[in-house]
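First up is the structure itself, then whatever we jot down about it.
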Amino acid sequence: MTGVSDAAVRLRDVVRREASAAGEAVRGAVRGPGRERDLVKQSLKAAGAGLLAWLVAGVWMDDPMALMAPWVAVVLVQATVYSSVRQAAQQFAAICVGTLLASGAQALTDNTTVALAVSLPPLMLLANWPRFGAQGIYTATTAVFILASGTVSEYAVAHRLGQAALGAVIGVAVNALVFPPVHLRDVRENLAALAEETGDVLHTVAEGLRQEWDEQSAADWTNAAARLRYRVEALRSARAWSRESLRLTYTPLRALHRVPPASTVPPEEEDRRWGHIADNVTALTRTLAVTADEHRTPAPPEGPVLLRYARLLELIGDACRVEAGRLAGGNGRSERGRPTREAMEDLHRRLQEGLREHARRGSETAAVLGTLLLQAENLWAETMPDDDSPAEDGSPVADGSPAGRGSPAGDDMGDDEGDADHPKAAQSAEHRRVSRR
């Protein structure tokens, strides 16, 4: 009985989750434009295309093979007009091959079972032909449908092909003329999400650097940065869908249905820029992971200079979040959240002074600090491309890291982070030294 009760509980939980997801999808479709509403539109369009094809083929033309028309029409209401046209050609070709081969096998053998045995193996092999794409399976399903119906003649073959062509025309026409699917929203949403998540990762790293951190902390940061690559891939997919959805769509119809113009989509340069930012965040976290490994030679910086570096990452994260609001359409965070240049220049100058001091003392952390600072400067240059980069002239300082006068901008750090004698800084540094031993 316990097993039955557990199964009942699991079934109830599954039903509850599915009902909750369905309810959320309905609320999303009612609430406003989004993926849920797009799905409702395409589903109703497919149903309408099938009904229209049946009315034309079955009611108006009174064709005995009218079933083929709505079948094809429903399938060809795809996510984009271009994919509808492409798949219409592929599916019609597959249906033609399946119809002709099945009819020929039936005519030669005069036996349905033998005709199926003769035609299905080569048709299944043809279904894998790349030219057919995802529509290759229709070669075999069409053959089964034709042979099972028992009506194989020149008249029947011609009518089936004619009705398939009619259904393809109706399906493509409905998709192109009624609320043509244009996927522009996904690009903006994915770009904004990438910027937001990048800011979150930088804030997480900054917060961790202010506390006691170890190899496991650095590994968690590296994993969080690696997840940004999934968002970059989602952005690339959304960009491809956006580009394809604009093909073969009639501009006046897009205006009639109030489809936003393509100019409202952020340019592809934004994709490359945020892809570079994600790469730089990943490189930065990997550097921290290497320095946190007690079996490796490099040692991480400690004390006030590390706290200043954490503040630098926090300010860059703030800039990423402001960019996320801008990319989302201007309804996000205010520009007041963007770091200011004057205070950031001071912070960067103090970091460079700390790097020089480490280099003069011959500290083993100088090389690590220079690498981390260079990676942060690269992040700032990509995050704020309109501002002067933090190493405008590229002049080397100490171990070769760039130091320029055009530093990035942001709020000044508090006195507790800049004071070398502050007890919090000394205590944090001591914790890390003990943990590394």
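Quick note: numbers below take in every heavy atom, side chains included, and nothing from hydrogens, waters or symmetry partners.
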Will you find, in the side chains of Ser217 and Asp214, an N or O donor that is under 3.5 Å from an N or O acceptor?
yes
Looking only at heavy atoms, what is the nearest atom pair of Ala195 and Glu323, with distance?
CB-C, 4.5 Å
Donor-acceptor pair, Thr139 side chain versus Leu123 backbone, under 3.5 Å?
yes
If you measure only the distance, is there a donor-acceptor pair under 3.5 Å linking the side chains of Asn378 and His276?
no
Under 3.5 Å, side chain of Ser84 to main-chain N/O of Thr80, donor-acceptor pair present?
yes
State whether the number of non-hydrogen atoms from other residues, nucleotides or ligands found under 6.0 Å of Arg131 atom CZ is greater than 12.
no
So, Tyr82 versus Trp241, ring centres under 6.0 angstrom or not?
no
Return yes when atom CG of Asp13 has more than 12 non-hydrogen atoms of other residues, nucleotides or ligands closer than 6.0 Å, and no otherwise.
yes
With sequence neighbours left out, write down each residue that passes ring pair (Phe, Tyr, Trp, His ring centres under 6.0 Å) with Phe132, or none if nothing qualifies.
Trp129
Assess the side chains of Gln135 and Gln90: does a donor N or O sit below 3.5 Å from an acceptor N or O?
no
When you look at CD of Glu233, are more than 12 heavy atoms from neighbouring residues, nucleotides or ligands closer to it than 6.0 Å?
yes
Test item: Lys45 side-chain N/O and Val178 main-chain N/O as donor-acceptor pair under 3.5 Å
yes
Does Arg286 have any salt bridge (Lys or Arg N to Asp or Glu O under 4.0 Å) partners at least two apart in sequence or in another chain, and if so, which?
none
